[in-house]
Amino acid sequence: MESSDTSTGAAAGPKDGPLTIAFLQKQGDQQYFIDEANGAKEAAKADGDISINVVDLGTDSNKAISEVEAAIAQKVDGIIIVVPDQQIGPQVMQLAKEAGIPIMAADDTIEDASGTAAPFSGFDGTSMGEKVGAEAARLYTEAGWTAADTRILSAYKEDLSVCTQRVDGAASAFAEAVADGPEIIDIGTDNSATDAQDKAGAVITANAGVKNWVVWGCNDESETGVVTALQNSGVSPNNIVGVGLGAYLTCKDWNAGQETGNKSALFISGVEVGKAAATSMIDLLRNGTALPPKSIANTEIVDATNWEAKGVVCT
């Protein structure tokens, strides 16, 4: 007797025998998402009779929809998706519901047409940003900088809710710790390091009189891209306080023993998010246990002195 997953209207477990879960990810070539897929596969190993079909969606929303349709045609047992664009949430959720296949979101939340959120595995964006902002404020204060000769560069994909949550959280925590802090300059990126570096160039040129820079962003790509642009323009690492979000790229300079503007990072584990998502889906399919509305992974600040001990995988 199968139970019903009320979040999707899909038939849930218990199911015996082989299971197939489609794991559809945006930007699957980024280390975080590689780690996430590996975490899902690791969770599946414990069962021994589960296939995790990983598909890289890039940043293509049309591909995301077609891959959901393909997974449905293949009669997969469950779908976990990291959408390239949250706007396709209602469509992919409706497709899965009509097919009777449970679906959950990882990393970026999605909602159906009525505004009901899909079960989610990932992070609390606001809390993450607050940790980044608090760390940036600590480093700024320790450096003895002033608002007059400092600017904050905040780089992120501006139409992605998890990104706005993160940078708003960072700004809020910084403001709480530092009265009358520096001006924040937003830099819209596609969340890639290359785009962040390119977009930062014009901003740096337009603010040639600025001496010190604080940098944060939606992810490690955005933050490290901006720091690279600053250093390439001649800004000394001593005049940069960059706080990454991910740690998998910020650790490169630490690993090489280089002087860098990447001073700290919030370590987020894609492995743990992938594990949590797959474990929840497997529990639904095998045992009929409802998908938890939210599975929130832990995060912590790391730097050049402790990143290895904390388990950061440096790409």
Colleague: Side chains of Thr116 and Met93: does their closest heavy-atom pair fall under 4.5 Å?
Modeller: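 Result no, sub-4.5 Å side-chain heavy-atom pair not found.
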Colleague: Less than 4.5 Å apart, any side-chain heavy atom of Tyr156 and any of Asp186?
Modeller: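 When only atoms from C-beta onward are counted, Asp186 and Tyr156 do touch, with a gap below 4.5 Å.
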Colleague: How long is the gap from CD1 on Ile80 to CG on Leu24, to the nearest 0.5 Å?
Modeller: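 That separation rounds to 9.0 Å.
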Colleague: What I want to find out is whether Lys26 reaches Asp108 closely enough, with some N-O distance under 4.0 Å, to be called a salt bridge.
Modeller: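 A salt bridge links Lys26 with Asp108.
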Colleague: Can you list the other members of the hydrophobic cluster that holds Phe120, where links are side-chain heavy atoms under 4.5 angstrom apart?
Modeller: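 Ile296, listed by chain and number.
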Colleague: So for atom CG, which belongs to Asp180, do other residues, nucleotides or ligands contribute more than 12 heavy atoms lying within a distance under 6.0 Å?
Modeller: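 Not buried by this count: 12 neighbours or fewer within 6.0 Å.
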Colleague: For the residue pair Ala113 and Pro90, what are the closest heavy atoms and their distance?
Modeller: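 Shortest heavy-atom contact: N-CB, 3.8 Å.
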Colleague: At what distance, to the nearest 0.5 angstrom, does NZ of Lys157 lie from CG of Asp85?
Modeller: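 With rounding to 0.5 Å, NZ (Lys157) is 6.0 Å from CG (Asp85).
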Colleague: Contact between Trp307 and Cys314 at the side-chain level, heavy atoms closer than 4.5 Å - yes or no?
Modeller: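 Yes, close enough: below the 4.5 Å cut-off.
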Colleague: Show your working on side-chain contact (heavy atoms from CB on, under 4.5 Å) between Val215 and Leu230 and close with a plain yes or no.
Modeller: CA-CA 10 Å; Val215 183; Leu230 286 166; 3.6 Å; yes
Colleague: Classify the side-chain pair Asp35/Tyr248 by whether it contains a donor and acceptor separated by less than 3.5 Å.
Modeller: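 No donor-acceptor contact under 3.5 Å links the two side chains.
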Colleague: Examine the side chains of Glu221 and Asn219 and answer whether a donor and an acceptor come within less than 3.5 Å of each other.
Modeller: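 Looking only at side-chain atoms, Asn219 and Glu221 do form a donor-acceptor pair, the distance falling under 3.5 Å.
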Colleague: Give the minimum heavy-atom separation between Ile282 and Ala43, together with the two atoms involved.
Modeller: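 That closest heavy-atom pairing would be CD1-O, 4.1 Å.
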Colleague: Restricting to non-hydrogen atoms, name the atom on Thr189 and the atom on Ala155 that form the minimum distance, rounded to 0.1 Å.
Modeller: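 Scanning both residues, the minimum pair turns out to be CG2-CB, 3.9 Å.
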Colleague: Just wondering, are more than 12 heavy atoms of other shown residues or ligands nearer than 6.0 Å to CD in Glu176?
Modeller: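 No, not enclosed.
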Colleague: Using only heavy-atom distances, determine whether the side chains of Ser192 and Asp195 contain a donor-acceptor pair under 3.5 Å.
Modeller: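 No.
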Colleague: Can a donor-acceptor pair be found, under 3.5 Å and without considering hydrogens, that links the side chain of Gln25 to the backbone of Phe33?
Modeller: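 Between the backbone of Phe33 and the side chain of Gln25 there is a qualifying donor-acceptor contact (under 3.5 Å).
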Colleague: Given the rule that I, L, V, M, F, W and Y join up when any side-chain heavy atoms are under 4.5 Å apart, are Val235 and Val226 in one cluster?
Modeller: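 Yes, because Val235 and Val226 connect within a single hydrophobic cluster, where side-chain heavy atoms sit under 4.5 Å apart.
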Colleague: Answer yes or no: is there a donor N or O on one side and an acceptor on the other, between the side chain of Arg166 and the main chain of Thr126, under 3.5 Å?
Modeller: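 No, the answer is negative, given that no donor and acceptor are paired below the 3.5 Å cut-off.
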Colleague: Kindly compute the distance separating OG1 (Thr228) from CG (Asp198), expressed to the nearest 0.5 Å.
Modeller: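 Going from OG1 on Thr228 over to CG on Asp198, the span is 11.0 Å.
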Colleague: Between Gln94 and Asp112 (side chain of the first, backbone of the second, donor and acceptor by atom type, cut-off under 3.5 Å), is there such a pair?
Modeller: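 No.
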Colleague: Measuring only between side-chain heavy atoms, which start at C-beta, is Trp216 closer than 4.5 Å to Ile152?
Modeller: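 They are in side-chain contact.
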Colleague: So, for Val167 and Cys218, which heavy atoms are closest and what is the spacing to 0.1 Å?
Modeller: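 Closest heavy-atom pair between Val167 and Cys218: CG1-N, 4.3 Å.
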Colleague: Val82 and Val92: same hydrophobic cluster, using ILVMFWY side-chain contacts below 4.5 Å?
Modeller: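 Unlinked, Val82 and Val92 end up in two clusters.
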Colleague: Can you establish whether the number of heavy atoms outside Asn298 located under 6.0 Å from its atom CG is more than 12?
Modeller: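 Atom CG in Asn298 is not packed in, count stays at 12 or less.
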Colleague: Gln74 and Thr20: side-chain donor and acceptor closer than 3.5 Å?
Modeller: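 The answer is no; no qualifying pair exists.
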Colleague: Give a yes or no on whether a salt bridge exists between Arg138 and Glu142, defined as a side-chain N under 4.0 angstrom from a carboxylate O.
Modeller: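 Judged by the 4.0 Å cut-off on N to carboxylate O distance, Arg138 and Glu142 do form a salt bridge.
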Colleague: Can you check side-chain contact (heavy atoms from CB on, under 4.5 Å) on Val214 and Asn212, steps first, answer last?
Modeller: CA-CA 7 Å; Val214 175; Asn212 303 309; over 6 Å; no
Colleague: Could you check whether any side-chain N or O of Gln86 sits under 3.5 Å from a backbone N or O of Ser161, counting only pairs where one atom can act as donor and the other as acceptor?
Modeller: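 Such a contact is found between Gln86 side chain and Ser161 backbone.
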Colleague: Once rounded to the nearest 0.5 Å, what's the spacing between atom CD of Glu272 and atom CZ of Phe267?
Modeller: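 Spacing of CD (Glu272) from CZ (Phe267) equals 8.0 Å.
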Colleague: Looking at Val273, is its backbone amide N or carbonyl O close enough to the side chain of Ser121 to form a donor-acceptor pair, meaning the two atoms are under 3.5 Å apart?
Modeller: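 Yes, Ser121 side chain to Val273 backbone: donor-acceptor pair under 3.5 Å.
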Colleague: Could you check whether any side-chain N or O of Ser172 sits under 3.5 Å from a backbone N or O of Asp168, counting only pairs where one atom can act as donor and the other as acceptor?
Modeller: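 Absent.
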Colleague: With a 4.0 Å cut-off, would you call Lys45 and Glu42 a salt bridge?
Modeller: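 No, no charged N to carboxylate O under 4.0 Å.
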Colleague: Measure the OG-CH2 distance between Ser264 and Trp254 for me, rounded to the nearest 0.5 Å.
Modeller: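 Those atoms lie 6.0 Å apart.
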Colleague: May I ask you to decide if Thr250's main-chain N or O and Asp220's side chain share a donor-acceptor pair within less than 3.5 Å?
Modeller: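 Pair found, side chain donor or acceptor close to backbone of Thr250.
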Colleague: Gln197 versus Thr194: any side-chain heavy-atom pair under 4.5 Å?
Modeller: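 Side chain of Gln197 against side chain of Thr194, heavy atoms only: no contact under 4.5 Å found.
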Colleague: Is there a side-chain contact (heavy atoms from CB on, under 4.5 Å) between Val243 and Leu266 once you walk through the steps?
Modeller: CA-CA 7 Å; Val243 182; Leu266 186 69; 5.8 Å; no
Colleague: Locate the shortest heavy-atom distance separating Met281 from Ile79; write the atom from each residue and the value.
Modeller: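 Shortest heavy-atom contact: CE-O, 3.5 Å.
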Colleague: Tell me who clusters with Leu160, hydrophobic residues only, linked when side chains sit under 4.5 Å apart either directly or through other members.
Modeller: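 Members alongside Leu160: Val162.
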Colleague: Can you tell if the side chain of Lys275 reaches within under 4.5 Å of the side chain of Val271, non-hydrogen atoms only?
Modeller: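 Yes, close enough: below the 4.5 Å cut-off.
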Colleague: Restricting to non-hydrogen atoms, name the atom on Asp49 and the atom on Gly17 that form the minimum distance, rounded to 0.1 Å.
Modeller: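 Reported closest heavy-atom pair: OD2-C, 3.3 Å.
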Colleague: Using side-chain heavy atoms (C-beta onward) and a distance below 4.5 Å, is Ile110 in contact with Ile81?
Modeller: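 Touching, per the 4.5 Å side-chain cut-off.
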Colleague: So do the side chains of Asp107 and Glu36 get within less than 4.5 Å of each other, counting heavy atoms only?
Modeller: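 Yes; the side chains approach each other to less than 4.5 Å.
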Colleague: Keeping Asp77 on the side-chain end and Ile21 on the backbone end, is there a donor-acceptor pair under 3.5 Å?
Modeller: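 Flag not set: sc Asp77 to bb Ile21 has no pair under 3.5 Å.
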Colleague: Can you list the residues that meet the ring-ring contact (aromatic ring centres under 6.0 Å, His included) rule with Tyr140, with sequence neighbours excluded?
Modeller: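 Testing Tyr140 for ring-ring contact (aromatic ring centres under 6.0 Å, His included), a comparison that skips the adjacent residues, returns Phe174.
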Colleague: Would you say Asn207's side chain and Val203's backbone share a donor-acceptor pair under 3.5 angstrom?
Modeller: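 The answer is yes, because a donor-acceptor pair under 3.5 Å joins these two groups.
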Colleague: Just by modelled atom types, is the Ile240 backbone N or O under 3.5 Å from a matching donor or acceptor in the Lys263 side chain?
Modeller: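 Yes: the side chain of Lys263 pairs with the backbone of Ile240.
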Colleague: When rounded to the nearest 0.5 angstrom, what distance separates CG in Asn191 from CD in Gln27?
Modeller: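 Between atom CG of Asn191 and atom CD of Gln27 there are 6.0 Å.
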Colleague: For a side-chain contact (heavy atoms from CB on, under 4.5 Å) check, start with the C-alpha distance between Leu19 and Arg286, then their side-chain angles and the critical distance, and finish with the verdict.
Modeller: CA-CA 9 Å; Leu19 296 175; Arg286 284 290 189 227; 3.4 Å; yes
